[in-house]
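We count ligands from 1, going down the list as the structure has it; atoms in each ligand are counted the same way.
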Amino acid sequence: MDKLVCVKDFEEAAFRILDNNALLYYKSGADDEITLRDNKIAFQRWMIRPRMMKDVSKRTTSTMVLGKPVAFPLGVSPTAMQKLAHPDGECANVRAAASMGTIYILSTISTSSLEDVAAAAPNGRKWFQLYVYKDRDLTASLVKRAEKAGFEALVLTVDAPYFGRRRANLREGFALPPHLRLANFQKGSENSEVLGKNKESAFAFHDALLDQALTWEDLHWLRKLTKLPIIVKGILLPEDAETAIQYGASGVMVSNHGARQLDTVAATIDALPGIIERVAGRCDVFLDGGVTTGNDVFKALALGAKMVFAGRPLLWGLAVGGEQGARKVLQIYRDELDLTMALSGTTSVESLTKDCVQKYGMTSH
Ligand code: FNR
């Protein structure tokens, strides 16, 4: 692992290690993968405006998120089925995040139960990603279990009433290997038999559980069900951010689900400025999608994100070296961000503003 010094190195190494079933599932985007490419390229359309002679000898990457500190503003996005990457899966990933002082978001569709993940890092900051199912009792029981296990926020994913068309998976098929199960669906719960055990068609069954009739009124229902802060994930338009606030969201996450849902939507960094403007400080705004360097983190924060998250890069870290690999990926983000701050004349993430960046081809911003 010593020779792997950036996220791209981890990606290339993971591509050599992962079996085809896992790799195609992890790396794919929807349809023509135009947004998948653009999520990354869009960051390159912004340049950093570095200030000189600013005494950068003392710096901190730490910041406060939902009232508590994080050591640096890059956390782990929820990605399904992390045991496909490494036998320790979600538990290794949450331990890596906790040891680095950042936030881990657990997917509902995990291969380790939320209780096991909580026990793996009792002192780490953990949020729980939620899908709302037609069966509201099943949904409510997940919320209650997450509360009890110590998850400190819910991340409600709103961009996936159906799963997008990831062509490689359609061509090759995807199978949850026989030794793995969707572990949050316990024996005894109404749907456990199909969700937990039916490997080949785990997705079809999950699709069937999802409530395609979801509306903002359901956020109201969720708001009443729990005291946990709710972050609405999958927002790409200012008007949806506005509505999320009206319905009681504590935060919105600008996300296109890693470009796995609707293709040719905006890259997240392009969607961010309009949302920041509309939200105008009324709630925290987070972002994920294509964040692969410390420079990317810097740009998103400069444009107003409170904190950003990465999904696939942590899967690459897990595949290469389990907990240690995931930790190394997080260290890379932290160290790159710290150096970017130093070289651009900034000593704290709070002092990042849109003056720190400029769009290519524009003389002002
Ligand atoms: C995801 N994502 C996701 N989101 C979610 O809310 N629940 C989930 O279960 C999953 N599962 C999932 C699996 C895989 C393999 C990927 C790649 C993504 C989306 C995820 O939370 C996040 O939005 C993206 O991964 C961010 O993009 P990057 O960092 O992968 O470019």
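If you look at K27 next to ligand 1, there are no close heavy atoms at all, none under 4.0 Å. Using a 4.0 Å cut-off between heavy atoms, K233 contacts ligand 1 through its side chain alone, with no backbone atom that close. Only the side chain of T157 comes within 4.0 Å of ligand 1, counting heavy atoms alone; its backbone N, CA, C and O stay farther away. Counting heavy atoms under 4.0 Å from ligand 1, residue S255 touches it through the side chain alone. Residue R312 touches ligand 1 through backbone and side chain together, judged by heavy-atom distances below 4.0 Å.
Classification of the Y25-F174 ring pair by plane angle, with boundaries at 30° and 60°, yields tilted.
If you number the atoms of ligand 1 from 1 as listed, the ones under 4.0 Å from a heavy atom of S107 come out as 8 (C), 9 (O). Taking every non-hydrogen atom of G311 and a distance limit under 4.0 Å, the qualifying atoms of ligand 1 come out as 25 (O), 28 (P), 29 (O), 30 (O).
The shortest N or O to N or O distance between P78 and ligand 1 is under 3.5 Å. Considering both main-chain and side-chain atoms, G290 comes within under 3.5 Å of ligand 1 through a nitrogen or oxygen pair. Residue R260 places no N or O, backbone or side chain, under 3.5 Å from any N or O of ligand 1. Considering both main-chain and side-chain atoms, Y131 comes within under 3.5 Å of ligand 1 through a nitrogen or oxygen pair.
Using a 3.5 Å distance cut-off with no hydrogens or angles, the side chains of S110 and Q82 do not pair a donor with an acceptor.
What sits closest to atom 23 (O) of ligand 1 on the protein, heavy atoms only, is D288 OD2, 2.8 Å.
Of the candidates L287, T79, V291, the one placing a heavy atom closest to atom 12 (C) of ligand 1 is T79.
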